[in-house]
Every structure is written in C-alpha cells, then in structure tokens.
Novice: 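Take a look at this one; I'll ask things after.
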Amino acid sequence: MKLLSLHDTLSRKRQEVLPSDGKVFRFYCCGPTVYGPAHIGNFRTFLVQDLLRRVVELSGIETCHVRNITDVDDKTIRESQSAGISLADFTAGWTARFHDDARALNILKPHVEPGAVQHIPEQITLIETLLASGHAYCSGDGSVYFKVSSYAPYGRLSRLDTRELRAGAGESANDADEYDKDNVSDFVLWKTRKPVDGENYWESPWGEGRPGWHLECSAMGMKYLGESFDLHAGGVDLCFPHHENEIAQSEAATGKTFARHWFHNEHLMVDGSKMSKSLGNLYTLADIMERGFGPGELRYALLAGSCRTKINFSMERLQEAQGNLQRLAAFIAKLGGSLPAYDELCRLAAAGSLDTGPFLPVWEALLEDLNTPAALGQLFTVLKPLEKALAAGSLKEEEMDAARTGLAVIVQAFGWIIPEVADEAGNAADVPVEIAQMAEQRWAAKQEKNWQESDRLRDELAVAGWTIKDTADGYEVEPSRQ
RNA sequence: GGCGAGGUAGCAAAGUGGUAAUGCGCUGGUCUGCAAAACCGGUAUUCGCGGGUUCGAUUCCCGCCCUCGCCUCCA
C-alpha cells in the first residue's frame, strides 16, 4: 500500500511518513495554552493534525500521538489571578472546555496529553543537563538561559541566522525579566519567581521559579516518545522561535536528532488577515454554533483547504460545507447498509487488505501531502457516476459493497460528521404546531386550486423560516436553509 | 530591512512542459398551477505584468507589481 508523503519544513522536501522503528509512528503536536476558549484557528491546526493521524492509521500504521496542554505561562497566571481562582482550577476549566470542543469536532484523543505543571522535575533535569554541558548559564537573578551561540545549527529550521535575529528583534525586546541575558537571542529555560507570579512557583536548584515556555515540549516529547521521534507538528507561527528553541535545547542535551520530520500548517485567516482578539475577528466553536452551523460543517470547511496554504474563513464556506455534507449523507443513505467503522478500517489496513475501490483516486490525493482540495475534486468526480448508477438501480451488490468500504475510508480519513438525512417521520415531530397548521391550510388551499391563498401561506411560512416542498403525493415542511 | 507563502473563471480551489479538476454561485432546460427540491446542460482560447528558453509554458528562467504571514506572546 502506498504511504503518505508529507512536506518537511526542515529539508523543504516531501518525505514519506514512516515509523523509524518500523512499528509505531511517534509524533508530537504542540497543544493549546488553556487560558480561554480555543478559537477556530487553533482548531484548524488540531484538525489538520487529526487528518494526518487518520491517514497514517488508515495506511495500516499504528501511531503514538502526544499533544501537550500548556497550563502554566504568563497568560494562564495572569488570567487565573484576575478570575480569583487557583491556577490549577483555572486551567482545569479551560482544559475541559477544550476537550468538549475537540470531541464535538470529532478530533481523536491523543494517546498522551501531558501538562507542563505535572512535568516540572523532567524540565529541571533537562536544564541540569544543559548547564552541565555548557549550553546554559545562570544569570544573577536566579534565571537560567540557553546559550544560543553554543549550538551551531541554531536557526536552520526557520532559516534565520543569529545576525538577522539581532537586527530584526528591534528595540522592544528588552522584556523586564530578561535583562540579564548575555545575548538577545538567548532564551529563558527557568524564570525566577517574581511578585506577580503569586503562589505559582516551584523549587529548583536555582531557587524558586517556573520553567520557560519552550522547555515543556522538549521534556515531555522526549519523555513519552524518546529522545528522537518521527514527527513534530504545529502552526507556522511556532516555527520560530518555539520549534527552533526546542530543537536547540533538545539536541544540545542529547546529541541526537530531536524530530525527524517537521510539519507546519498554515493559518486560518478571517477578513483577509490573521485572527486576533485586537481585530475582533476571532471566532470560537460556540460563535459558529450561534450562527446556526454545527461542528461538522466547521470541520469540513477547515479541512477543505490545503493545510499548506492560508485559508480565508467565511460563513459561505460553512454553507458550502453543509451542502456537500448533505449530498454525501444522501448518497450514503441511498447506498444502504452501514459503512465500516474507523477501527475496523484500521484493522483491515494493518492486515494489508483494505481496498478503497472506486475511491482510490481520492485516497491517493490525500497521500500526496494531504492534498484535501484535490481529494475533494476527485471525490465528486468519482461520486457523480455512482450517484447516477444508484438512482438508476444499476449498481450491483458487490459494487455497492466496494463503494461502502471505499467511501468509508474517505469519510473516516476526513473525520467527517455525516448529518442525518431528513425523513418525513423524523421531521414531522420537530415542526411546531402552528407551522404544521399553516402548512396544512396551504395544502388545502392548493387542493382547491386557490393559488393566491396557498402562495400567501407559503410566503408566510418562508418568513417564519420554513420551506415547503411538494412531493408526488403530498408535501414536506423543512426549516429553511440559511 | 531579512526570511517565507501566494497571485488560476463571480467566489473558493487543484493541477501539468502539450494545450485548464472540483465545489459554490450564476444561467438554460426537465418537473411544477407557479415555486422549492431533484435531475440534465452551459458557464476561464485562458492561468498578476513584461521579457527569455522551447516545436510548444499557466507549468522552466530573469525582472517587475500586488497580497499575506513570520522576525515580539501566538495554532
């Protein structure tokens, strides 16, 4: 079976995604900082990573997926204090919210989801190693910094050399707590305790304080995946300095390649620019649902664009998603039977007996750098003749089986949430009494060929948000599409 | 200033050295009292601009213009 090949940020080439140990594909994803609800841009990243994992697993490869929760940093401390609750309670609340949203979006749970606070000893050990080998130094105030000049390959990932870093950093880089660095590009490994930190500090050989923000990913990644693992993922913005610093501190400590493959997805844009609180163009899943869309439509829309290009978010995209998902739902319903479940497909793939049948071109598009737009193009190309054949009743039983399995692979790779197909019985129950009565009156008027009255009632129903569809022997009432 | 991504029909978005997938929209038709839904068909002689290489470039090379991101916390 063909395998996924994916663009690697470090080499700038496409590489096959393979487990280095031949068994389990081990990968790390930078997770959320839990100081508020994640926005849909954050979820684009987690959705793309979910797609990656699903494609790997549906290729028959077992994975170990680690995604951290950042539960201590300036923002979580500041926000917990203004909320007047402990850091632990504060981050637990937002972590729960993140889990709820992720579940709604059908994102697979990572195998390990470590938090920074639970891994302070591991981070301290890593700092000790770096100090012992001369890659780090203590400053006068009890902080510890990584000495960038001690690690020659620094800047390879983002292609910034240290001179450029210095020039570009500008004049505003003098953070009050970082006055004691030897060099502006050095970054903090351990932050000494400050009054604003309140009770949020830990003991260390260098005094009270807390770990620097890059450290947790190195320490936890290596703890759960080994000193060297298969792939590390995150949004493009993390490329520098976060991932650059992770590489430096990890590889300086171990002398081994930290991650073999770096995968960065592009950002989600809104109104032509990056989402941010200051621009007021930031949406959460809850905001989307308030506008009448579901997580399924959001998932479809966010995965419809290539993960390597920026996509501009809009409600039109959700509408398009809605229509396409309904088309798929209708096809699946007409196909009958049930589609094989995710785990079943993975088992078949692992045994080398998963056949995507007529959907092979769709699957192969996904294997080419997770090219979802091409995959969707192929999907509809494949679907059209099948829809026709199905409507004509000319599809043989074995062809229907092949279609069920093949389509299931695609649906599961995308992790699509297929909506219920509205049937008359299920629908009738949801129609309010007065709407049903109006519809009934309109039907009566229509039977009497009183077009004026029946059209008037139909318009009135439309204003109320309901659409009438006349059928061969009656009518249906449905909520209008937006 | 440095680094990076991108400019393809009304919108979104693939793609290839040999002549432009797909979705939405729009539009014509079938159906309908008229609609809606569904179905059938149409919808870029052209791929930011100007050169060059080539039998042939949207696809390769050079220059230019424009948009966006990163260089500071950030998915």
Side-chain angles (χ1 to χ4, degrees), chain A residues 9 12 29-33 35 38-49 70 73-75 155 157-161 163-175 178 184-185 213 233-242 244 264-269 272-277 300-302 304-306 308-314 316-317 319-324 326-327 330 361-362 365 368 371-384 387-388 391 422 446 449-452 454-455 458-459 461-462 466-472 475-478 480-481:
Chain A
T9 311
R12 283 165 138 180
C29 302
C30 290
T33 302
Y35 69 105
H39 61 247
I40 59 175
N42 295 317
F43 279 117
R44 179 184 186 191
T45 291
F46 302 131
L47 248 8
V48 164
Q49 293 161 352
T70 297
D73 78 325
D74 291 346
K75 282 177 294 219
L157 185 69
S158 47
R159 274 154 243 279
L160 294 168
D161 65 36
R163 262 173 312 168
E164 285 159 357
L165 293 174
R166 222 170 288 144
E171 297 74 37
S172 62
N174 295 321
D175 204 332
E178 298 190 347
V184 272
S185 51
W213 71 291
V236 274
D237 53 311
L238 294 185
C239 205
F240 183 86
H242 188 55
E244 201 71 75
H264 293 100
N265 60 278
E266 257 298 349
H267 276 146
L268 182 69
M269 317 284 284
S273 56
K274 192 174 150 179
M275 246 194 297
S276 71
K277 273 183 186 155
Y300 185 100
L302 295 186
S306 159
R308 297 196 54 214
T309 60
K310 298 173 186 69
I311 56 180
N312 199 15
F313 179 77
S314 67
E316 288 71 45
R317 280 175 171 269
Q319 223 142 327
E320 216 179 299
Q322 195 171 56
N324 289 147
Q326 269 159 8
R327 178 172 169 188
V362 190
E368 291 291 322
N371 191 338
T372 53
L376 289 175
Q378 291 295 156
L379 174 66
F380 292 112
T381 305
V382 167
L383 210 53
K384 191 150 191 170
E387 286 169 326
K388 272 188 194 173
K446 183 180 151 80
K449 300 202 189 295
N450 183 351
W451 309 130
Q452 207 182 353
S454 76
D455 289 353
R458 187 170 60 194
D459 290 345
L461 282 161
W466 294 83
T467 300
I468 297 283
K469 290 183 189 173
D470 288 340
T471 60
Y475 65 93
E476 289 171 17
V477 192
E478 290 180 0
S480 302
R481 285 207 211 163

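Every chain is numbered from 1 and lettered A, B, ... according to where its sequence line falls, protein lines coming before strand lines.
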Novice: Provide the distance between the two P atoms, one in rC26(B) and one in rC65(B), to the nearest whole Å.
Specialist: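 After rounding to an integer number of Å, I get 39 Å for this pair.
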Novice: Quick check, does Trp451(A) stack with rG33(B)? I mean ring centres under 5.5 Å and planes off by under 30°.
Specialist: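 Base of rG33(B): stacked against Trp451(A).
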Novice: Taking the C1' atom in each of rU8(B) and rU22(B), what is the distance between them to the nearest angstrom?
Specialist: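 Comparing C1' positions in rU8(B) and rU22(B) gives a spacing of 13 Å.
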Novice: If we take the C1' atom in both rA44(B) and rG25(B), what is their distance in whole Å?
Specialist: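 That atom pair is separated by 15 Å.
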Novice: Quick one: which of rC34(B), rG69(B), rA75(B) gets closest to the side chain of Met269(A)?
Specialist: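 Shortest atom-to-atom distance from the side chain points to rG69(B).
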Novice: Rounding to an integer number of angstrom, what distance separates rC64(B) and rG2(B) when you compare their P atoms?
Specialist: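 That atom pair is separated by 12 Å.
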Novice: Side-chain N or O of Lys274(A) versus OP1/OP2 of rA75(B): is the shortest distance under 4.0 Å?
Specialist: no
Novice: Using atom C1' of each nucleotide, how far apart are rG48(B) and rC66(B) to the nearest Å?
Specialist: 8 Å
Novice: Inspect the contact between Lys274(A) and Asp237(A) and indicate whether a charged nitrogen and a carboxylate oxygen are less than 4.0 angstrom apart.
Specialist: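 No, Asp237(A) and Lys274(A) are not salt-bridged.
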Novice: What is the pairing partner of rA75(B), taking Watson-Crick or G-U wobble pairs with both distances under 3.5 Å in any strand?
Specialist: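 By the stated definition (distances under 3.5 Å), nothing pairs with rA75(B).
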Novice: Under 4.0 angstrom, heavy atoms only, what part of the nucleic acid is Gly272(A) near: base, sugar-phosphate, or nothing?
Specialist: sugar-phosphate
Novice: When rounded to the nearest Å, what value does the distance between P atoms of rA13(B) and rC68(B) take?
Specialist: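 These two P atoms come out 15 Å apart once rounded.
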Novice: Just compare rA75(B), rA14(B), rC40(B) and give me whichever is closest to any side-chain atom of Thr309(A).
Specialist: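 Nearest nucleotide to the side chain: rA14(B).
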Novice: Among rA35(B), rG33(B), rA21(B), which nucleotide sits nearest the side chain of Ser454(A)?
Specialist: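 Comparing rA35(B), rG33(B), rA21(B) against the side chain of Ser454(A), the answer is rG33(B).
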Novice: Under 4.0 Å from OP1 or OP2 of rG23(B): is there any side-chain N or O of Arg327(A) that close?
Specialist: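 So the side chain of Arg327(A) is within the cut-off, an N or O lying under 4.0 Å from OP1 or OP2 of rG23(B).
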Novice: Could you let me know what rG63(B) is paired to, Watson-Crick or G-U wobble, both distances under 3.5 Å, or none if it's on its own?
Specialist: rC49(B)
Novice: Out of rU22(B), rC34(B), rA14(B), which has the shortest distance to the side chain of Ser306(A)?
Specialist: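 Comparing rU22(B), rC34(B), rA14(B) against the side chain of Ser306(A), the answer is rA14(B).
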Novice: Quick one: is Arg317(A) getting a side-chain N or O under 4.0 Å of the rA13(B) phosphate, OP1 or OP2?
Specialist: yes
Novice: Of all the choices, rA36(B), rC3(B), rG69(B), which nucleotide is nearest to the side chain of Lys469(A) once you look at every atom?
Specialist: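 Selected nucleotide: rA36(B).
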Novice: Calculate the interatomic distance between His242(A) atom NE2 and rC71(B) atom C1'; express it in whole Å.
Specialist: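 After rounding, the gap between these two atoms is 17 Å.
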Novice: Within the 4.0 Å heavy-atom criterion, would you say Gly234(A) contacts the bases, only the backbone, or no part of the nucleic acid?
Specialist: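 Since only primed, P, OP1 and OP2 atoms lie under 4.0 Å of Gly234(A), the category is sugar-phosphate.
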Novice: Of the options rU22(B), rA14(B), rG4(B), whose atoms approach the side-chain atoms of Ala374(A) most closely?
Specialist: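 Output: rA14(B).
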Novice: Between rG69(B), rG23(B), rA14(B), spot the one nearest the side chain of Asn371(A), thanks.
Specialist: rA14(B)
Novice: Considering only the P atoms, how many Å lie between rU46(B) and rA20(B), rounded to the nearest integer?
Specialist: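 12 Å, rounded to whole Å.
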Novice: Classify the nucleic acid contact of Leu238(A) as base, sugar-phosphate or nothing, counting any heavy atom under 4.0 Å across all strands shown.
Specialist: sugar-phosphate
Novice: Taking NZ, NE, NH1 and NH2 as the nitrogens, is one of them in Lys310(A) or Glu266(A) under 4.0 Å from a carboxylate oxygen of the other?
Specialist: yes
Novice: From the list rC70(B), rC24(B), rA37(B), which nucleotide is the closest neighbour of the side chain of Glu320(A)?
Specialist: rC24(B)
Novice: Taking only side-chain N and O atoms of Lys449(A), does any of them lie within less than 4.0 angstrom of OP1 or OP2 on rC34(B)?
Specialist: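 Result: no.
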Novice: With heavy atoms under 4.0 Å as the rule, sort Leu379(A) into base, sugar-phosphate or nothing.
Specialist: nothing
Novice: Any idea which of rC24(B), rA75(B), rA14(B) is nearest the Leu268(A) side chain?
Specialist: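 Closest nucleotide to the Leu268(A) side chain: rA75(B).
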Novice: Could you tell me how far rC49(B) sits from rG6(B) if I compare only their C1' atoms? Round to whole Å.
Specialist: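 The answer is 16 Å between these two C1' atoms.
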Novice: Which nucleotide sits closest to the side chain of Lys310(A): rG4(B), rC73(B), rA21(B)?
Specialist: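 Closest nucleotide among those given: rG4(B).
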Novice: Which residue, Thr45(A), Leu47(A), Asn42(A), Ile40(A), forms the side chain to side chain contact (heavy atoms under 4.5 Å, CB included) with Leu268(A)?
Specialist: Ile40(A)
Novice: Report yes or no: is there a donor-acceptor pair, N or O only, under 3.5 Å between the side chain of Asp455(A) and the base of rG33(B)?
Specialist: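 Check passes, donor-acceptor contact within cut-off.
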Novice: Would the base of rA36(B) count as contacting Arg458(A) through its side chain, where contact means a donor and an acceptor less than 3.5 Å apart?
Specialist: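 No, no donor-acceptor pair under 3.5 Å.
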